[in-house]
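Please read all numbers here as calculations on a predicted model, not as lab measurements.
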Amino acid sequence: MDKAYDHNSSEDTIYESWERSGEMTANAQSKKPPFVIPLPPPNVTGQLHLGHAAMLAIEDIMIRYKRMTGHEVLWIPGTDHAAIATENVVLKHLGMQNREEMSREEFLEECKKFAQEKHDRIVHQVKKMGAWLDWGREAYTFDEARHEAVNAMFKKLYEDELIVRGHRMINWSVGAQSVLSDDEVEYREVEGSLYHYKYFLADNSGEYLEVATTRPETIFGDTAVALHPKDKRAKKLIGKKVLVPFTERKVPIITDEHVDPKFGTATLKVTPAHDPNDFEIGERHSLPKIQVIDFDGTMRACEQVPQKFHGVTREHCRAELVKSSKYFVKKKSHTHNIGFCYRSETVVEPMLSPQWFVSVEKEFLDPKTNKKTTLKKLTQEAVREKHVKIIPQRFEKTYFQWIDNLRDWCISRQIWWGHRIPVWYDKAGNIHLPREQKFIFARHGQTENGAKEICQFPDDSLNEEGRKQAQELADFLKKKKNVTKIISSPLPRAKEMAEIVAKKLNLSVEILEELQEFDAGDLCGKPRIPETPTTERALQENTGESFQSLLKRAETCWQELQKRESDGAILVVGHRTIFAAMEASKKDKTKERFLAERRKIHDMNFGIWKEISLLQTPKDKNLRQDKDTLDTWFSSALWPFSTLGWPEKTADGEKFYPNDVLETGWDILFFWVARMVMFGRYATGEYPFHTVYLHGLVCDEKGQKMSKSKGNGIDPIEVIDEYGADAVRLSLVVGTSPGNPIPLGKGKISGYRNFVNKLWNAGRFVKMQMEASGTIEINGKPQIMNLDNYNHYNASPADQWIIAKFGKVVEAVNKKLQSYDISSAGDLIYHFIWDDFCNWYIEATKKFESNTDTLISIFRDILKLSHPLCPFVTETLWKELSRHNELLIEQIFPKREDYQLEAEYEENALASFEVVQKIVTKIRTIKSTAKKQTSIPIHINWGEGNLIKKHHEKQYEELIKKFGEVKLDLNLARANTDTTMITFDDGITVTIGLSVIKIHEKEKSELKNQIQTLRARLQNKGYTEKAPKKLVDQTKKELLEAEEKLKKLKS
RNA sequence: GAGCGAUUAGCUCAGCUGGCUAGAGCGCCUGCUUGACUCGCAGGAGGUCAGAGGUUCAAAUCCUCUAUCGCUCACCA
């Protein structure tokens, strides 16, 4: 073992060993209680930042802890296609101004390529952090499987009339060339100007109203000028008309409550097409709405806009309008808030446009309660009725504030990179939704070779049992399902089955070549090996069809199936491996995914595999699909269940939904968390998780936000390389609290790097002791900690103490982790390992011949206890100290019961050793103050009846002697001319053969102060009468002791 | 404008439903150290708990106000 822990040489190897073990895969059939966290999918736009690192650390700790305490854990990894963000980055990347410079298909191809690269990098970074994720279930918000979920959700909402198309005021991002939801607009304070204009009365009187605006370019869209109803001018002016500056169009003067008489000129120009408030006024007064700014940010070529401005940018137009003219009065500086697009950082223009909205206040019948409700209500009830708990709790208020003000959610986007809205229009503009087609997938029946566990040849046919199975299937389908079409693989065993069913149902069989089974080549006819499916071997040894060919075939097969339609269900008769390949083709299309899917259906029986309802493109060629795509948060909102197979009923869904904890940064509470709550409850009837844990923003050590411009940013991968992933994890987790900023600097990280190294070296010491005592296996030692064993066990004072102390720590750590207080758990572990275990216990074992069993056992459990927080170093040590292949995470987390000694015994063990620590520390202080390094004589008077006297004071004296580096010698101690006498609790007195005036004086004054305080407290009648008796007694006792000590000091 | 949070050692922060002499990490000072660890060991200095008032026998902790800082939401042209 190296003298210092080298994280670089171990971390990657350790992670690979976790992956290879297969233990990261969750088992949906497990009887253990589930614990599920959906990983907030990072955007595929970039790379991991420290916020992600904090998220990974926190969630990984939860997962590992739950796993070690007997849960079937599932932590699903994934990435988000991040519609607008990605599209922006790709545009920039390609040096394009506008996506229209490319065809839709080409552009999407570019996005795909970009996303793939970023994805691979993100996955690598996630692994670097040590995250215990189930990679076999990795998902992507934009893969085929999630697309099916998105379409199903859209359809469900549409059919419940919760999705509507409306011509409303929306936020238009000129930069992103798309509409945004209200939440995607960021308001920023901007130093702008207020421009005043003359609106002349249309009666040629030369009189005018002075109107102030921050956006002169919208003047052309004015359709009224409004005054407050109580405005003195109103009586005279109402019913009259004014001329819109520059174009002299006549518009009415109206009154409306919205006008603030105290603001500006108290006269408001009304532009219903370009301002949400004006829109409302327009509605109230039935004003026309004139759009004068185009979606590209230029002035629109319409009759209300003077010709010379057609196609001119709005900035340019404004510059022209503020030049001195007949209408322009003045400019005043004015700070106000302007909306910016949260992704493209450009100004958001309020516009009128037809878009798709989710109606949050529209009533629908909730099947779960059979009552009418709204999406808004369901979302509110989640927290109000405590179905969902938010940590820290104060965010519940923020949550309500958001929902209470929630308006309909605009979900359509004009960008290309995203789920296309599953709506088609005919020539008359009627709306058509995707068609629903039921499919029943079934596996062929048994063959002779199959029964003998021999890999089947392509032309194997059914045996008698197989034909029986086919009959059974046929009977079942005839009775229970409305099958109207049958498609089969061309291989005899499937075709035969299909034909038997077809005969019964009076149908014909369509052969689909692509459905045929994977050909294992030379392995056909060879016996199956239970551990390695033949398919895996065939791919490995390259004996038959290649993976590329299989995948390609599966993709074509799936596409073909999607084209089939029938009134009833379509029966698809095929094989295990092609089915698995089809599943893989709907997800990330990797070989790993395929193998994982293949393993999942390894035990599949003959007959029905699954039934699905597929949403298909309408057949009518004249229909046109909506050009828009869905808000990226629409697909994210489905994450907790779309990752588990929804809308299909799957084993994963049964076992792992609802999820348990949703952990993320508070900045996406509204964007994501609230919407998952809303959609989860709506789609599944269950809230998607019971706990929301929100971490804070990672900032630098000074509490400043990390940013590129400040140059205080830290790249997680860089610091992982420098200090190790464990150190980075610890520094992101310990000393933080949920919802508050997470301060991080290299100083902090290096502090935890030091801790990791301390742990490593403790392990090194333990290994030496193991070697010396001939122990080869850290996990081989019997449990010595239960009371029965303990009584037979010759435990030294230090052994007793560390066992008792560890029991307390184990209890506290479990308690903290159960309440997700990771920081406190980390703190407890840190101090136990460093202060108690290393600085006292190991030191004690070095000074005495100790029982190595205690050392080894405690250390073994220290590794388990700290594994969730620092998995790499603990796993490395675990491997170093053992000879088996079990992983640390497979061990059971230390429990209080393992260290439960008799209470009195335990308290004595703790208290006695603490007396030793106190005495030793005092002696050390005295020696240090006196600058005395050599051994000094002391004498200990144990007094009567105290704890240590009851035990074996000789052993304790030995401890003090060695720790304090003193001689135990009464005569020598007394022989010194001056001695220092110190009194400890329980009447223990230590005489030190050394005079230290300073110490003496300090001791005295401290005691005097204490006595004064205590006396004052006891003289207070209110205290002695009202405070709990226990406290008063304690105060009295303390006073007596202090007085006693002082007396002895003086003598 | 409304809401939320913060203010404790030089720095970054713990301190739960009030009750031991207010703690930790880093930094600082003084020593030490040839086998677990200089990514170390031992010891030390350093705090009127932002300010004012109140409740209480008792307040860093609960309440009110003030000040400063941070965040969120809403916005008037």
Whole-Å gap separating [atom2] ([N]) and [atom1] ([X]):
| X | N | atom1 | atom2 | answer |
| --- | --- | --- | --- | --- |
| A/Lys332 | B/C76 | NZ | P | 18 Å |
| A/Phe837 | B/C37 | CZ | P | 15 Å |
| A/Arg1015 | B/C57 | CZ | C1' | 20 Å |
| A/Asp182 | B/U72 | CG | P | 17 Å |
| A/Lys397 | B/C73 | NZ | C1' | 13 Å |

When you measure from the centre of the six-membered ring of [Y], is the NZ or CZ of [X] closer than 6.0 Å and no more than 45° off the axis?
| X | Y | result |
| --- | --- | --- |
| A/Lys198 | A/Tyr208 | yes |
| A/Lys332 | A/Tyr195 | no |
| A/Arg188 | A/Phe340 | yes |

Exercise for the section: Between protein and nucleotides 17-30 of chain B, map the contacts as a letter string: B base, S sugar-phosphate only, - none, heavy atoms under 4.0 Å, written 5' to 3'. Expected result: --BBS--S-----S
Tell me the partner of [N], counting only Watson-Crick (N1-N3 plus N6-O4 or O6-N4) or G-U wobble (N1-O2 and O6-N3) with both under 3.5 Å; none if nothing fits.
| N | value |
| --- | --- |
| B/U7 | B/A67 |
| B/G46 | none |
| B/A59 | none |
| B/U72 | B/A2 |
| B/C13 | B/G23 |
| B/C41 | B/G31 |

Handout entry: Salt bridge flag under 4.0 Å for residues A/Lys746 and A/Glu722
Key = yes
Handout entry: NZ/NE/NH1/NH2 to OD/OE distance under 4.0 Å, A/Lys376 and A/Asp408
Key = no
Counting side-chain heavy atoms from C-beta on, which of [options] comes nearest to [X]?
| X | options | value |
| --- | --- | --- |
| A/Asn757 | B/C39, B/G3, B/C13 | B/C39 |
| A/Phe670 | B/A77, B/C73, B/C39 | B/C73 |
| A/Asn405 | B/C57, B/C73, B/C39 | B/C73 |
| A/Phe263 | B/C37, B/C76, B/A74 | B/C76 |
| A/Asn740 | B/A77, B/C73, B/A14 | B/A14 |
| A/Asn277 | B/C76, B/C73, B/C71 | B/C76 |

Exercise for the section: For residues A/Tyr830 and A/Leu730, determine if any side-chain heavy atom of one lies less than 4.5 Å from a side-chain heavy atom of the other. Expected result: no
Exercise for the section: Answer whether the closest heavy-atom distance between the side chains of A/Tyr399 and A/Ile403 falls below 4.5 Å. Expected result: yes
Does a side-chain N or O of [X] approach OP1 or OP2 of [N] to a distance below 4.0 Å, or not?
| X | N | result |
| --- | --- | --- |
| A/His7 | B/C39 | no |
| A/Ser737 | B/A14 | yes |
| A/Thr929 | B/G43 | no |
| A/Arg394 | B/G5 | no |
| A/Lys269 | B/A77 | no |
| A/Asn839 | B/C41 | yes |

Practice task
Tell whether A/Lys3 reaches the base of B/A36 with its side chain through a donor-acceptor pair below 3.5 angstrom.
Solution key: no
Exercise for the section: Ignoring hydrogens and angles, answer whether the base of B/C37 and the side-chain atoms of A/Lys758 contain a donor-acceptor pair closer than 3.5 Å. Expected result: yes
Exercise for the section: Please report the closest heavy-atom contact between A/Phe755 and A/Trp834, naming both atoms and the distance. Expected result: CA-CZ3, 3.5 Å
Problem - Contact nearer the 5' end of RNA chain B, comparing A/Tyr5 with A/Thr398 - result: A/Tyr5
